[in-house]
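In what follows, every heavy atom counts, from backbone to side chain, and hydrogens, waters and symmetry copies are set aside.
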Amino acid sequence: MMITVEITIKATISKVWEHWTTPEHIVKWNFASDEWQCPTVSNDIQTGGQFNWRMEAKDGSMGFDFTGTYDQVKENEMIAYKMSDGRKVVIKFVESNGEVKLSESFEAEGTNSDEMNRAGWQSILGNFKKYVESK
């Protein structure tokens, strides 16, 4: 099942794209709560490129590598990738009137409820919005 989360950011498309795709920015927003962090990121943002975003609890109690391969990248428009576990994600960027609507559609992981999946991914988008709009 595909789940979609979305958010509107008050920024230019180029700023949103840069902050979404550049490791130096990703480490600042890519976590669902303040108890988590994203200390390291590698991101080869091109079709066939791979990514690895380390996500871990600040207290060191748990962590994981969020990894995958980009299937399609259209700068300032769309990113499609497949996570290492085979699930697919499509991200769309649409600019209108000085804002960017960012939507992410992803296959749920099946371990947690769809609502828990949605809440976690939506929370990360909230962190992203807050980070971009504060710059």
Which value, rounded to the nearest 0.5 Å, describes the distance between [X] atom [atom1] and [Y] atom [atom2]?
X	Y	atom1	atom2	result
Ser103	Leu125	OG	CG	9.0 Å
Thr21	Asp44	OG1	CG	11.5 Å
Ile7	Trp121	CD1	CH2	14.5 Å
Gln122	Glu6	CD	CD	8.0 Å
Glu18	Lys135	CD	NZ	11.0 Å

Quick one, Asn30 with Ile124, criterion side chain to side chain contact (heavy atoms under 4.5 Å, CB included). Give me CA distance, side-chain angles, the key distance, then yes/no.
CA-CA 6 Å; Asn30 191 36; Ile124 292 170; 3.6 Å; yes

Side chains of [X] and [Y]: donor-acceptor distance under 3.5 Å anywhere?
X	Y	result
Asp65	Thr67	no
Tyr70	Asn43	yes
Glu35	Ser33	yes
Thr111	Glu109	yes

Side chain [X], main chain [Y], donor-acceptor under 3.5 Å:
X	Y	answer
Asn117	Asn112	yes
Glu133	Lys10	yes
Arg54	Cys38	no
Gln72	Ala80	no
Lys92	Leu102	no

What closest approach, in Å, do [X] and [Y] show between heavy atoms, and which atom pair accounts for it?
X	Y	value
Phe66	Met83	CE1-SD, 3.4 Å
Val41	Val27	CG2-CG1, 3.5 Å
Arg118	Ile3	NH1-CG2, 3.3 Å

Of His19, His25, Lys28, which meets side chain to side chain donor-acceptor pair (under 3.5 Å) against Tyr131?
His25

How about CE on Met78, more than 12 heavy atoms from neighbouring residues, nucleotides or ligands closer than 6.0 Å, or not?
yes

is_close_aromatic(Phe51, Trp53), centroid dist under 6.0 Å:
yes

Quick check: do Lys88 and Tyr81 have side-chain heavy atoms less than 4.5 Å from each other?
no

Between Lys101 and Glu99, is there a salt bridge with N-O shorter than 4.0 Å?
no

